[in-house]
Asker: 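Have a look at the structure that comes next, please.
Residue numbering restarts at 1 for every chain, and letters A, B, ... go by the order of the sequence lines. Computed from a predicted model, the values in this text were never measured in an experiment. Excluded from the calculations below are hydrogen atoms, water molecules and symmetry mates; all remaining heavy atoms, backbone and side chain alike, are included.
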Protein chains: 2
Amino acid sequence: MKPTIIDVAERAKVSKATVSRVLNNNPQVKDEIRERVLRVIEELGYRPSAIARNLATNRSNVIGLILPDITNPYFPVIARGIEDAAHQLGYALFISNTDNDPKLEQEYIQKMVEQQVSGIVLISSTLDEETVHELTSLQMPIVLCDRLIVGKPFDAVLIDDYKAAYEAVSYFIGQGHQRIAHLAGPRNIQSAENRKTGYLDAMRSANLEPFVSVGTFSYESGMHQMGAVIDEYRPTALFASNDLLALGAMQEIHRRGLTIPGDIAVIGCDDIPFSKMSRPMLSTISIPVYQIGVTAVQLLEDQMKGVRVGMKSVIMEHKLIHRESCGGVDLL
Amino acid sequence: MKPTIIDVAERAKVSKATVSRVLNNNPQVKDEIRERVLRVIEELGYRPSAIARNLATNRSNVIGLILPDITNPYFPVIARGIEDAAHQLGYALFISNTDNDPKLEQEYIQKMVEQQVSGIVLISSTLDEETVHELTSLQMPIVLCDRLIVGKPFDAVLIDDYKAAYEAVSYFIGQGHQRIAHLAGPRNIQSAENRKTGYLDAMRSANLEPFVSVGTFSYESGMHQMGAVIDEYRPTALFASNDLLALGAMQEIHRRGLTIPGDIAVIGCDDIPFSKMSRPMLSTISIPVYQIGVTAVQLLEDQMKGVRVGMKSVIMEHKLIHRESCGGVDLL
DNA sequence: TTGAAAGCGCTAACAC
DNA sequence: GTGTTAGCGCTTTCAA
C-alpha cells in the first residue's frame, strides 16, 4: 500500500496535523521536527494524495482546456502557451478535443466540472446558446480563447479578424491588384466570418468586385476551391482565411503552371509553423498564438483568485508578415 | 453552493446510499425510486464530485500523457489518438510537455502520481536511469510510446526504426544511387540512433561510402546541415531521419538551384501532415501515429484492469510512401 | 430493496 | 508549536 499521512505521522512520532503543516510549508513547525518529518517522508517515499487534498480544500489546481482539434496546426502552439503558463502557476492541465461538436463540448464541460477543475479555457468556434447558458450557470472561471462569439458574457482573448483581413486586402490594393479573391472559412466559425467581412469591406471601399469561395479550414479545401476560383474569376491576388487554405491554393496554382506571386499573389492568415516552410514562403497575418495561450491563463488566474470582477476581453495584435508569396517590395 | 449527494438524498427522501446506487446504475433500485432520484438530480443540476468519488474508490479515471513538445508536428496526432482512445474508455487526460528535459519528466511524473492518475503514457527520448528507477518504483501502469530506450522494463509501442531506415536506403540503392547522405537526429534520441544505424548498415552492405550529418530534429537544422552535406559530399540522394529535417533540406537544395528529385532525391521519415503539402511532395516512411496513440492506451487499459501480467511491446508497421521527392517509378 | 455508518487521505479550526 | 477532531462528498459493507 502507498503510505498515507498517517504512516508518516506515526513513524515520525507526531500528529498528522504536523505532517500536514510541513507539507504545506507552514512556518510554525520547529525545525528539528520538520526535518524529522521530511526524513520520514523521504524514507517512505510518501506522496500526498492530491485527491484527498482537493476534497479537503475544495480546490483542484487543475485547469481544463477544451479545443477543436490538437491536430490542426493552429492549436498546438496555443495549447503549449496555455500549458506553460498553467504549470508555471502550479496548475495541471486537462485537455479535450471537440471537433467543434457542441454535444462534445457540453459533455467535456460537464466532465471538467465533475473533476472540479479550477477553471476552463474554451476554444470554440460554434458556441450555441445552450452551451453558453450552461457555462454561465456553472459559476466557474472561464476564458474564451481566440474564437469568440461576440457579445457572450465571458472573459476572452481574441484578435481583430476584421481588421487583419482588411489590412491584407488593402496591401494588395496598394500593390495595384484589382482582382483579389477570398477563400473563406466555414460560416459557423466567427473568425472566418469576420475575416470575410473585412475582405468585403476593403474591396467595396476600393470599388472592386469581390469574389468569395467558401470552404472548410483545410488544405484540401484550399486546393479544390482554388480551381474554381481561377476558372471563374481569374484573380491576380488571393487572400485566404487561414494558412492551410492558402497552402492548398498554392498547390493548385502551381499545378496549373501558374506562378506565385507572379500570376497570383497570396496572403494567408495565422502564421502556422509551416507557412515559412512552403515554397515560395507564405506571406501571412501573424497572430501571437503562444501569447494568446499565456494570456488566457492569466485571465483565468485573475478570475480564480477573485482579483477582478466583471468581464475582460484582451485583443492581441496581429501583423502582416511579408514573405515571398505576396509580391511587392519587402516591407521590413 | 453546489448541491451534494446529501441535498439530492433529502429532496428525494431517500438515503445517500440509494442516490449513490442510482448514480452507479446499480440495478437493485426500484424503478419508481430511481426515477424520483433522477428527477431531483435534474432539478438540482447535481453533478457528482469526481474528487470525492476518487477518494472513496481510490481510482481516478484519469490518465496522464507526458510528451516532449506538442508543438512538434509529429506529436499532435499521437496525442489525438491517445485522447480519443482515453475518452472512449471513460478516462480524462492530463497533458504535460517536457522538452525532453529529464528534470521536468520526473517532476511531471510526480505530479501525476499525486493526482492519482490511473496510468501514464510517456513519450520520452531520453529516459535516464534515475527516471526509470522512479518509474518502476511507482507500481503504476505505464506505457512507453514510440521512443523507447530498449531493454527498459515497461510496456511499449514502437516502430522498427532500424528497418525503416534500411528500407529507405535500399530503395535508393535499388534506384542506382551511390552517394546517399543521411541527416541524423540528436544522439540522445534512441529512434534517431536506430535510424542512423539502419542507414549505415544498408550502405555498408552495398559497399557504399556513407555520409552522416548530425543535428536536431528541426527544419532549421535540416537547412543548415544540408548546405554542408552538399558541399562536402555531393549526394544524389538523401535520407533524413525525420520529415522536418527533410523539409529543411529541400529548402536548401532549392535555394542552391538544384532540383528534387532530379539532382537530389529525398526521403524523410514520420509522414507528418505537411509532408504532403510540400513541393515536390515529400516521399517518406509513414508511421501509423494515430494508431500508436490508440494502442498505447489499450496497453495501459490492460495493465489497469490487471488483464495481463508481464510486459508487452507492440511494434507498429511502417511503410515507404512514394510521393514525388524520391524519384523512380511509382511503386503503387 | 433500502438505510446506517464507517472510512477514503487530507486540511483547518480549536484547544492545549 | 503541536495535537485533537470534525469534516470534505462519495462508496461500500453490513443490517434490516
Asker: Name the first nucleotide and the last nucleotide along DNA chain D (5' to 3') that come under 4.0 Å of a heavy atom in chain A.
Answerer: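 Counting from the 5' end, contacts occupy D:dG1 to D:dG9.
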Asker: Quick one: closest heavy-atom pair of A:P3 and A:L44, and the distance?
Answerer: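 Where A:P3 meets A:L44 most closely, the heavy atoms are CG-O, 3.6 Å.
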Asker: Of the non-hydrogen atoms in B:L135 and B:I142, which two are nearest, and what is the gap between them?
Answerer: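 Looking at all heavy atoms of both residues, the closest pair is CG-CD1, 3.3 Å.
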Asker: How would you summarise protein contacts on nucleotides 8-13 of chain C per nucleotide, using B for base, S for sugar-phosphate only and - for none, with heavy-atom distances below 4.0 Å?
Answerer: BBBBBB
Asker: Quick one: closest heavy-atom pair of A:R59 and A:N54, and the distance?
Answerer: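 It is O-OD1, 2.8 Å.
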Asker: Can you run down the salt bridge (charged side-chain N to carboxylate O under 4.0 Å, His left out) pairs that involve residues 5-31 of chain A, sequence neighbours left out, and say none if there aren't any?
Answerer: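 For residues 5-31 of chain A, and leaving out neighbouring residues, the salt bridge (charged side-chain N to carboxylate O under 4.0 Å, His left out) pairs sorted by first residue read A:R11-A:E43.
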Asker: State, without any angle test, whether B:E105 and B:S124 hold a side-chain donor-acceptor pair at a distance under 3.5 Å.
Answerer: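 Checked: B:E105/B:S124 side chains pair up, N/O donor to acceptor below 3.5 Å.
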Asker: Taking all atoms of both residues into account, what is the closest heavy-atom pair of A:Y46 and A:P48, and its distance?
Answerer: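 In terms of heavy atoms, the two residues are closest at OH-CA, 3.3 Å.
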Asker: Is the side chain of B:R34 donor-acceptor paired with the backbone N or O of B:N26 at a distance under 3.5 Å, no angle test?
Answerer: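 Such a contact is found between B:R34 side chain and B:N26 backbone.
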Asker: Of all heavy-atom pairs between A:V37 and A:V22, which one has the smallest distance, and what is that distance?
Answerer: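 Result for this residue pair: CG1-CG2, 3.7 Å.
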Asker: Do A:S118 side-chain atoms and A:N61 backbone N/O form a donor-acceptor pair below 3.5 Å?
Answerer: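 Yes, the answer is positive, given that a donor and an acceptor are paired below the 3.5 Å cut-off.
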Asker: Listed in order of residue number, which residues of residues 28-36 of chain B have a non-hydrogen atom at under 4.0 Å from DNA chain C?
Answerer: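 DNA chain C contact set from residues 28-36 of chain B: B:Q28, B:V29, B:K30, B:I33.
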Asker: Kindly state which residues belonging to residues 106-120 of chain A come within less than 4.0 angstrom of DNA chain C, counting heavy atoms of the residue only, listed by number.
Answerer: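 Nothing qualifies; none.
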Asker: Which residues pass the ring-ring contact (aromatic ring centres under 6.0 Å, His included) test with B:Y108, sequence neighbours left out?
Answerer: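 Result, ring-ring contact (aromatic ring centres under 6.0 Å, His included) vs B:Y108: A:H87.
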Asker: Return the minimal non-hydrogen interatomic distance between B:P73 and B:P273, and the atom names on each side.
Answerer: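 Minimum heavy-atom separation between B:P73 and B:P273: O-CD, 4.1 Å.
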Asker: Hey, mind stepping through B:S191 and B:D161 against side-chain hydrogen bond (donor to acceptor under 3.5 Å, both in side chains) and telling me if it holds?
Answerer: CA-CA 6 Å; B:S191 53; B:D161 293 293; 4.7 Å; no
